[in-house]
Amino acid sequence: FTSYCDMISIRVFLLLLTGVSAQYQPNWDSLDKRPLPEWYDEVKFGIFMHWGVYSVPSFSSEWFWEQWKGQKQANVVDFMNKNYPPDFTYPDFAPMFKAELFDPKYWASLFKQSGARYVVLTSKHHEGFTNWPSKTSWNWNAMDTGPHRDLVGDLAAAIRN
């Protein structure tokens with residue numbers, strides 16, 4: 001019943017929001033006119049997390065794939081040549097993304113103890129891997145490969161509790 005009420009509340013909120021929301025154009029000048037949400041602007045401390053398949057090689061940054069295959073940065077290419085077979089592909093990292101140390105209740109407790117007032121998890125990055133069971137990103141999400149769980153949903157539930 002609670003999730004049904006939450007769903008109704010969200011729909012009502014979205015309906016109200018769409019009735020009064022401003023229209024923005026797909027350019028920086030227009031987008032820069034968006035006001036900051038009060039909860040974000042007034043809070044002193046929050047946590048942003050980048051976590052996904054790119055965490056497996058733990059080298060360079062979350063732009064690992066682009067640096068390896070797109071820009072062909074020498075240090076990233078050298079790292080791959082030294083540590084992985086020649087036919088290794090970026091999707092081969094996905095089954096290795098197991099999230100075996102992921103304990104959402106502990107993380108939520110740690111975030112609260114830190115004084116963080118919000119947590120933002122990058123739930124989908126540029127390579128398209130989603131940290132939730134996406135129907136449009138089939139076989140390239142945390143439920144279908146790697147940890148085989150809804151990382152976003154589990155963390156959200158732990159934080160809300």
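- Remark: the Y90 side chain and the E127 side chain contain an N/O donor-acceptor pair separated by less than 3.5 Å.
- Listed here is the closest heavy atom pair of S61 and Y54: O-CB, 4.3 Å.
- Atoms CD1 and OG, on I159 and S109 in that order, are 11.5 Å from each other to the nearest 0.5 Å.
- Note on L110 and F45: same hydrophobic cluster, where clusters join Ile, Leu, Val, Met, Phe, Trp and Tyr whose side-chain heavy atoms are under 4.5 Å apart, directly or indirectly.
- Counting only distance, with no hydrogens or angles, the side chain of D92 and the backbone of T89 share a donor-acceptor pair below 3.5 Å.
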Test side chain to side chain contact (heavy atoms under 4.5 Å, CB included) applied to H125 and W63, step by step
CA-CA 9 Å; H125 210 267; W63 292 98; 3.8 Å; yes
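- In this structure a side-chain-to-backbone donor-acceptor pair under 3.5 Å is missing from K69 to E66.
- Across L151 and A99, no two heavy atoms sit closer than the pair CD2-CB, 4.2 Å.
- Under the 4.5 Å side-chain heavy-atom criterion for ILVMFWY residues, no single connected hydrophobic cluster contains both L155 and V120.
- At most 12 non-hydrogen atoms from other residues, nucleotides or ligands lie less than 6.0 angstrom from CD of E38.
- Ring-plane geometry between F97 and W51 is classed as perpendicular, the angle between the planes exceeding 60 degrees on a 0 to 90 degree scale with a lower cut at 30.
- Nearest heavy-atom pair, A94 versus V53, reported as atom, atom and distance to 0.1 Å: N-CG1, 4.0 Å.
- Here the CE-CD distance, from M80 to Q73, works out to 14.0 Å after rounding to the nearest 0.5 Å.
- Within 6.0 Å of OH in Y118 there are more than 12 heavy atoms belonging to other residues, nucleotides or ligands.
- The CG atom of N139 sits 11.5 Å away from atom OG of S134, with the distance rounded to the nearest 0.5 Å.
- For the 3.5 Å distance criterion, the side chains of S30 and N27 fail to qualify, holding no donor opposite an acceptor.
- Between F93 and the choices F59, W65, W140, Y84, the ring pair (Phe, Tyr, Trp, His ring centres under 6.0 Å) rule is met once, by Y84.
- Donor-acceptor pairing under 3.5 Å is recorded for the side chains of D144 and N141.
- Note on F88 and F129: same hydrophobic cluster, where clusters join Ile, Leu, Val, Met, Phe, Trp and Tyr whose side-chain heavy atoms are under 4.5 Å apart, directly or indirectly.
- Listed here is the closest heavy atom pair of P104 and A158: O-CB, 3.4 Å.
- Counting non-hydrogen atoms of neighbouring residues, nucleotides and ligands closer than 6.0 angstrom, the CZ atom of R149 exceeds 12 such neighbours.
- In this structure, W68 CH2 and N75 CG are separated by 13.5 Å, a value rounded to the nearest 0.5 Å.
- Listed here is the closest heavy atom pair of V152 and L121: CG2-CD2, 3.9 Å.
- Taking 4.0 Å as the cut-off between side-chain N and carboxylate O, D78 and K82 do not count as a salt-bridged pair.
- Residues F79 and F64 form a side-chain contact, since some pair of their non-hydrogen atoms from C-beta on lies under 4.5 Å apart.
- Nearest approach of M49 to F111, heavy atoms of both residues: SD-CZ, 3.4 Å.
- In this structure, W39 places its CH2 atom where more than 12 heavy-atom neighbours from other residues, nucleotides or ligands lie under 6.0 Å away.
- Between the side chain of S55 and the main chain of G52, a donor-acceptor pair closer than 3.5 Å is present.
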Starting from the C-alpha separation in whole Å, work towards a yes-or-no answer on side chain to side chain contact (heavy atoms under 4.5 Å, CB included) for D103 and K105.
CA-CA 6 Å; D103 180 345; K105 289 179 183 175; 3.9 Å; yes
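- Panel note: side chain D41, backbone P37; no donor-acceptor pair is recorded below 3.5 Å.
- In this structure, Y40 is not a member of the same hydrophobic cluster as Y24, with clusters built from ILVMFWY side-chain heavy atoms closer than 4.5 Å.
- Between T145 atom OG1 and K98 atom NZ the span is 8.5 Å, to the nearest 0.5 Å.
- When atom types are taken as modelled, the side chain of H148 and the backbone of M143 share a donor-acceptor pair closer than 3.5 angstrom.
- Atom CH2 in W138 sits 13.0 Å away from atom OG1 in T130 (nearest 0.5 Å).
- Judged by distance alone, with hydrogens and angles left aside, the side-chain atoms of R34 form a donor-acceptor pair with the main-chain N or O of L31 at under 3.5 Å.
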